[in-house]
Amino acid sequence: MTTARALTGSVRDTDFDVIVVGAGLVGSALALGLAQQGWQVALVEGDTRASVLAEPPPARDVSDFEPRVSALSLASEALLTALGAWSGVLAGRHCRYQDMVVWDGDGTGRIHFSAGDLQAPALGTLVENRHIVRALWHGLLGCRTLTLLDGVQVAGWSSSQGLTLADGRRLTARLVVGADGAHSRLRQWAGLPTREWDYDQDAIVCTVRTVHPHRMTAWQRFSATGPLAFLPLVSEQGDDRFCSIVWSQDTDAARRLMALPDEAFQCELERAFEYTLGPVEAVSRRFAFPLRQRHAKDYVADGLALVGDAAHTIHPLAGQGANLGYGDVGVLLDELARARELGLSPADPLLLARYQRRRKGENLAMMATMEGFKQLFARDELPVRWLRNAGLRWLDRLGPLKHRLAAEAMGLGSPWIPR
């Protein structure tokens with residue numbers, strides 16, 4: 001099999017069908033799918049091949065896990081399977097969780113979702129991001145129509161001049177796709193405005209080991225100052241006492257927690273989680289990042305499309321960020337497959353408008369839902385607390401509606417799996 005080629009040499013013009021900027025979870029999947037369709041694709045990434053393809057160390061302690069973890073839905077699993085990357089994901093560390101428990105820390109409301117109730121193999125799969133990217137890159141390196149430019153930064157873009165790299169090379173393409181993250185420079189160069197606001201919260205992420213096993217369950221406790229999630233992880237040795245923590249707190253509270261010594265932080269974490277899995281035995285290095293909702297008013301411009309965080313970022317309370325990004329990938333692949341069948345340009349305006357229309361409504365609906373949850377649990381008035389706890393208990397007993405909500409979050413029946 002002819003493998004992906006590297007672009008070398010002096011400054012020159014090089015033309016492609018599609019250039020994808022950003023080779024993370026979303027950009028790598030899109031580039032792989034486009035190359036498999038037969039498009040001439042360039043994938044530009046500032047990271048280096050050696051760091052992405054390096055074999056992660058086995059997990060013996062909390063410090064061996066990557067802090068960045070994604071909860072992949074069954075729909076995202078189907079997309080990665082169609083791309084031939086899912087077997088590589090499963091070859092690394094992962095946890096297919098069977099249950100999810102959500103409760104109100106300031107009341108008695110609780111809801112339990114079970115894969116068994118939905119007759120599904122799992123509610124989703126927790127995977128460290130590097131394992132997903134590594135599996136995708138192994139697929140990319142086997143694509144003869146893909147050119148990989150790693151370890152190089154993008155210095156500029158315009159619809160008339162194309163893409164300029166930091167080393168002086170210039171690339172042109174009929175379509176450029178920005179998969180370059182929440183602070184997308186391509187989005188800024190294209191002049192695509194965003195609607196955004198701060199949550200005045202930081203998310204603290206780390207890995208912990210608890211005394212009791214997590215029972216393949218994702219746990220989430222809501223409080224007035226923000227949600228706390230314990231997401232299950234499993235080591236190569238089968239140790240199921242590891243969890244990835246995402247703790248969203250008001251900014252001042254988050255700063256106080258970040259400043260604590262490990263033992264004091266563990267005690268705070270145990271109390272906040274109501275000792276659900278017993279004491280916390282160990283905690284990894286902690287990271288914190290500010291939470292900001294962001295949505296591009298348009299996902300497309302002349303010769304440009306945005307996917308993933310470049311188009312939208314969402315509160316992490318439901319872990320839907322990666323899944324929304326893979327939803328973008330699936331729809332864009334579907335539209336570009338149709339363009340190839342009809343002999344159209346990948347930058348055909350009607351095609352790009354249809355991509356935007358198909359994705360914008362779903363993304364906005366999920367973002368509105370997460371914002372509603374965040375605001376609902378931030379309210380501390382007694383009537384609001386009573387209503388939300390009564391609502392959680394009522395929903396937990398109402399099987400059909402509860403199952404429908406779970407199925408929507410899992411992406412069951414999603415129409416965008418690429419052909």
Side-chain angles (χ1 to χ4, degrees), residues 16-44 73 75-76 78-80 82-83 136 157 159 163 173-182 184 186-195 294-314 320-368 411 413-419:
F16 298 90
D17 293 321
V18 186
I19 298 173
V20 180
V21 178
L25 297 176
V26 173
S28 294
L30 178 63
L32 179 57
L34 291 172
Q36 290 172 349
Q37 289 179 0
W39 299 103
Q40 293 293 329
V41 182
L43 178 60
V44 184
S73 68
S76 294
L79 173 66
L80 293 172
L83 296 176
L136 288 165
W157 173 85
S159 59
L163 208 67
R174 289 184 283 174
L175 175 66
V176 174
V177 181
D180 51 340
S184 171
L186 277 169
R187 186 185 67 228
Q188 296 168 26
W189 289 326
L192 292 175
T194 60
R195 180 175 180 267
R294 180 182 291 106
H295 188 262
K297 294 182 179 179
D298 289 298
Y299 296 2
V300 299
D302 183 20
L304 177 74
L306 303 177
V307 293
D309 285 353
H312 45 77
T313 56
I314 190 171
Q320 289 296 314
N323 296 319
L324 291 182
Y326 282 142
D328 297 344
V329 169
V331 168
L332 191 53
L333 286 177
D334 187 55
E335 293 296 340
L336 289 171
R338 182 179 292 108
R340 192 162 179 82
E341 291 172 1
L342 298 176
L344 300 175
S345 166
D348 182 274
L350 293 178
L351 178 153
L352 295 182
R354 192 162 50 241
Y355 157 69
Q356 174 171 285
R357 185 169 61 251
R358 291 176 64 184
R359 286 307 299 157
K360 213 174 185 183
E362 183 174 340
N363 290 335
L364 283 171
M366 180 61 73
M367 294 172 80
S414 288
W416 52 257
I417 303 302
R419 39 187 167 164

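In what follows, every heavy atom counts, from backbone to side chain, and hydrogens, waters and symmetry copies are set aside.
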Starting at [atom1] of [X], measure out to [atom2] of [Y] and round the result to the nearest 0.5 Å.
{"X": "L336", "Y": "L175", "atom1": "CG", "atom2": "CG", "value": "6.5 Å"}
{"X": "L304", "Y": "S159", "atom1": "CG", "atom2": "OG", "value": "9.0 Å"}
{"X": "Q37", "Y": "L32", "atom1": "CD", "atom2": "CG", "value": "10.5 Å"}
{"X": "L333", "Y": "L79", "atom1": "CG", "atom2": "CG", "value": "7.0 Å"}

Which residues satisfy the side-chain hydrogen bond (donor to acceptor under 3.5 Å, both in side chains) test with [X], sequence neighbours excluded?
{"X": "D309", "result": "none"}
{"X": "R340", "result": "none"}
{"X": "W157", "result": "none"}

Has the side chain of [X] got a donor or acceptor atom that lies under 3.5 Å from a matching backbone atom of [Y]?
{"X": "K360", "Y": "K297", "value": "yes"}
{"X": "Q36", "Y": "L83", "value": "yes"}
{"X": "D298", "Y": "V300", "value": "no"}
{"X": "S28", "Y": "A23", "value": "yes"}
{"X": "N323", "Y": "S73", "value": "yes"}
{"X": "Y299", "Y": "A353", "value": "no"}

Looking at every heavy atom in both [X] and [Y], which two are closest together, and how far apart are they?
{"X": "G178", "Y": "L186", "value": "CA-CD1, 3.5 Å"}
{"X": "S345", "Y": "A339", "value": "O-CB, 4.2 Å"}
{"X": "G303", "Y": "A347", "value": "CA-CB, 4.2 Å"}
{"X": "G27", "Y": "V20", "value": "O-CG1, 3.7 Å"}

Exercise for review: Evaluate salt bridge (charged side-chain N to carboxylate O under 4.0 Å, His left out) for D180 paired with R187, printing each intermediate quantity in order.
Suggested key: CA-CA 9 Å; D180 51 340; R187 186 185 67 228; over 6 Å; no

**Study point:** V26: partners by side chain to side chain contact (heavy atoms under 4.5 Å, CB included), with sequence neighbours left out
**Key:**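 Per chain and number, V26 pairs via side chain to side chain contact (heavy atoms under 4.5 Å, CB included) with V307, V329.
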
Exercise for review: Could you list all the salt bridge (Lys or Arg N to Asp or Glu O under 4.0 Å) pairs where at least one residue sits in residues 321-331, not counting sequence neighbours?
Suggested key: D328-R359

Check your understanding: Is T313 close to H295 at the side-chain level, that is, under 4.5 Å between some pair of heavy atoms?
Key -> no

Review point. Can you find a heavy atom in the side chain of L324 that is under 4.5 Å from one in the side chain of I314?
Key: yes

Point to revise | V21 vs I19, side chain to side chain contact (heavy atoms under 4.5 Å, CB included): CA-CA, chis, key distance, verdict | key: CA-CA 6 Å; V21 178; I19 298 173; 4.2 Å; yes

Point to revise | CA sep, side-chain torsions, deciding dist, call: D17, V41, side chain to side chain contact (heavy atoms under 4.5 Å, CB included) | key: CA-CA 6 Å; D17 293 321; V41 182; 6.0 Å; no

**Study point:** Criterion side chain to side chain contact (heavy atoms under 4.5 Å, CB included) on L30 and V18, from CA distance to verdict
**Key:** CA-CA 10 Å; L30 178 63; V18 186; 6.0 Å; no

Point to revise | Test salt bridge (charged side-chain N to carboxylate O under 4.0 Å, His left out) applied to R357 - qualifying residues, sequence neighbours left out | key: none

Point to revise | Basic-acidic side-chain contact under 4.0 Å: E335, R338 | key: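 Salt bridge present between E335 and R338.
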
